[in-house]
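From a predicted model like this one, the values you see are computed outputs, not experimental measurements. Start at 1 and go down the list; that is how both ligands and their atoms are numbered.
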Amino acid sequence: MTIEFETLAQAIVDGDADTALALVQDGLGDQKNPDLDELANAKEILNKGLIGGMDIISELWIQEKIFIPEVLISAKVMHGCMDHLRPILEASNEPPRGICVIGTVKGDLHDIGQNIVGMMLKGNGFEVHNIGPNSSPEKFADKVRETGANLIGLSALLTTTMPMQRESIKYFEEEGLLETAAVMVGGAPVTADWAEKIDSDGYAPDAATTVGLAKQLVDDLAEELGQVAATN
Ligand code: B1M
């Protein structure tokens with residue numbers, strides 16, 4: 001028997017932490033889909049249950065049927081559920097195929113999407129340093145220098161904070177960081193056109209696509225720098 005994803009999504013919408021957590025635990029345990037391995041199962045719970053719930057929240061907010069306090073409660077339940085999926089989604093025994101500093105740009109407090117992207121990158125062999133929401137260009141730059149990162153991920157969820165992606169890229173350029181690191185951008189209002197306009201190296205619309213983009217960017221960079229690119 002597998003868990004009801006609609007019930008899980010509804011528990012996220014209702015801010016019902018007990019039900020949501022119980023369903024996630026069921027989905028990872030006794031009631032997991034027998035046709036899927038542990039990782040595929042965790043991805044299914046994330047995509048169909050948790051992100052499904054946040055999609056409903058977005059719709060209800062647009063329609064002004066719910067307000068910020070309800071959204072915050074749902075976001076908290078989502079974070080609690082993600083804590084249970086994190087160890088599975090992030091598990092990887094390979095040497096890192098790239099080092100990524102990821103965060104949401106200054107002025108922007110949304111962190112659910114970038115946390116998911118960070119988890120997926122970790123699970124696909126990247127060393128990930130998630131510096132969280134409201135991160136200034138200086139904070140990104142410090143972390144890149146400290147970790148020797150070759151990939152920077154800038155998330156923005158507001159049209160008013162998208163220009164901070166451009167500001168951040170300009171700052172990294174001035175600081176000479178872009179000679180050894182590529183920048184990718186994402187977030188609900190971000191588009192491929194915008195990414196090109198602000199001289200980002202790449203854009204991805206969702207976490208799954210970001211993994212492929214990240215691999216491509218570090219391989220291209222390695223080639224440019226005359227290093228041996230990772231395969232796959
Ligand atoms: Co905010 N909010 N919010 N909010 N919020 C939006 C973004 C909004 C579209 C809602 C709406 O009005 N329809 C709207 C923005 C409108 C606009 O700019 N055009 C909005 C607004 C207006 C605001 C406030 C200004 C509200 C206010 O105070 N009046 C305020 C801003 C605060 C601030 O940041 N300074 C605000 C506050 C909040 C909460 C704090 C209540 C809460 C955030 C809680 C948290 O994150 N801890 C919140 C939420 C939850 C949302 C919505 C409902 C959901 C966002 C989310 O988590 N989605 C959102 C509605 C929407 O997006 N349609 C909304 C689920 C998540 C899995 O998706 O983040 O898109 P997403 O991430 C995806 C992809 O985009 C991509 O991969 C992820 C996984 O597939 N991706 C990347 C993300 N980052 C990436 C980076 C990459 C690559 C891919 O490479 C680096």
**Total protein N, O or S atoms, atom 1 (Co) of ligand 1, separation less than 2.8 Å** = 1
**Prompt:** Hey, which of Ile116, Ile88, Val24, Asn41 is the one that makes side-chain contact (heavy atoms from CB on, under 4.5 Å) with Leu46?
**Reply:** Ile116
**Prompt:** Of the listed options (Ser155, Gly113, Pro205), which comes nearest to atom 74 (C) of ligand 1 when hydrogens are ignored and any heavy atom counts?
**Reply:** Pro205
**Prompt:** Does a side chain donor of either Asn134 or Asp108 reach within less than 3.5 Å of an acceptor in the other side chain?
**Reply:** no
**Item:** Distance-only N or O hit between ligand 1 and Thr160, under 3.5 Å
**Value:** no
**Message:** Please compare Leu50, Asp111, Leu213, Asp55 and report which has the shortest non-hydrogen distance to atom 47 (N) of ligand 1.
**Reply:** Asp111
**Message:** Run the side-chain hydrogen bond (donor to acceptor under 3.5 Å, both in side chains) test against Asn150 and tell me which residues pass, sequence neighbours left out.
**Reply:** none
**Message:** Are Val190 and Met120 linked, directly or through intermediate hydrophobic residues, by side-chain heavy-atom contacts shorter than 4.5 Å (ILVMFWY only)?
**Reply:** no
**Fill in**
Sorted by chain and residue number, the side chain to side chain contact (heavy atoms under 4.5 Å, CB included) partners of Lys122 (sequence neighbours excluded) come out as Glu90, Val128
**Message:** I'd like to check whether Ala207 has a polar contact with ligand 1, where a contact means an N/O of the residue lying under 3.5 Å from an N/O of the ligand.
**Reply:** yes
**Item:** Heavy-atom gap Lys76 to ligand 1 smaller than 4.0 Å
**Value:** no
**Item:** Location of contacts on Ile112 toward ligand 1, heavy atoms closer than 4.0 Å
**Value:** both
**Prompt:** Of all the atoms in ligand 1, which lie at a distance below 4.0 Å from a heavy atom belonging to Met184?
**Reply:** 91 (C)
**For ligand 1, the portion of Thr209 having any non-hydrogen atom under 4.0 Å away** = neither
**Message:** Considering non-hydrogen atoms of the protein only, which is the closest contact for atom 56 (C) of ligand 1, and what is the distance?
**Reply:** Met54 CE, 4.2 Å
**Request:** Mark up the atoms of ligand 1 that fall under 4.0 Å of a heavy atom belonging to Gly107, in ascending order.
**Result:** 33 (C), 34 (O), 35 (N)
**Message:** Quick check: closest heavy atoms across Ser200 and Val185, and the distance to 0.1 Å?
**Reply:** OG-CG2, 3.7 Å
**Request:** Kindly indicate whether the side chain of Gln10, heavy atoms from C-beta on, has any atom under 4.5 Å from the side chain of Asp14.
**Result:** yes
**Request:** Would you tell me whether Trp61 and Glu70 have side-chain atoms, one donor and one acceptor, within less than 3.5 Å of each other?
**Result:** no
**Item:** Heteroatom proximity flag, Ala188 to ligand 1, N/O under 3.5 Å
**Value:** yes
**Path from Leu177 to Met184 over hydrophobic side-chain contacts below 4.5 Å** = no
**Request:** Closest by any non-hydrogen atom to atom 52 (C) of ligand 1: pick that one out of Gly202, Pro189, Ser58, Ala204.
**Result:** Ser58
**Prompt:** What is the nearest protein non-hydrogen atom to atom 40 (C) of ligand 1, stated with its residue, atom name and distance?
**Reply:** Leu72 CD2, 3.7 Å
**Request:** Would you kindly specify which portion of Met78 sits under 4.0 Å from ligand 1, judged on non-hydrogen atoms: side chain, backbone, both or neither?
**Result:** neither
**Asked** Which residue and non-hydrogen atom of the protein lie closest to atom 19 (N) of ligand 1, and at what distance in Å?
**Response** Thr159 OG1, 3.4 Å
Tell me which donor-acceptor pairs under 3.5 Å the side chains of residues 53-60 have, and how far apart each pair is, sequence neighbours excluded?
residue : atom : partner : partner atom : Å
Ser58   : OG   : Met54   : O            : 3.0
Glu59   : OE2  : Gln63   : NE2          : 3.4

**Request:** Select one of side chain, backbone, both or neither to describe which atoms of Asn134 lie under 4.0 Å from any atom of ligand 1, heavy atoms only.
**Result:** neither
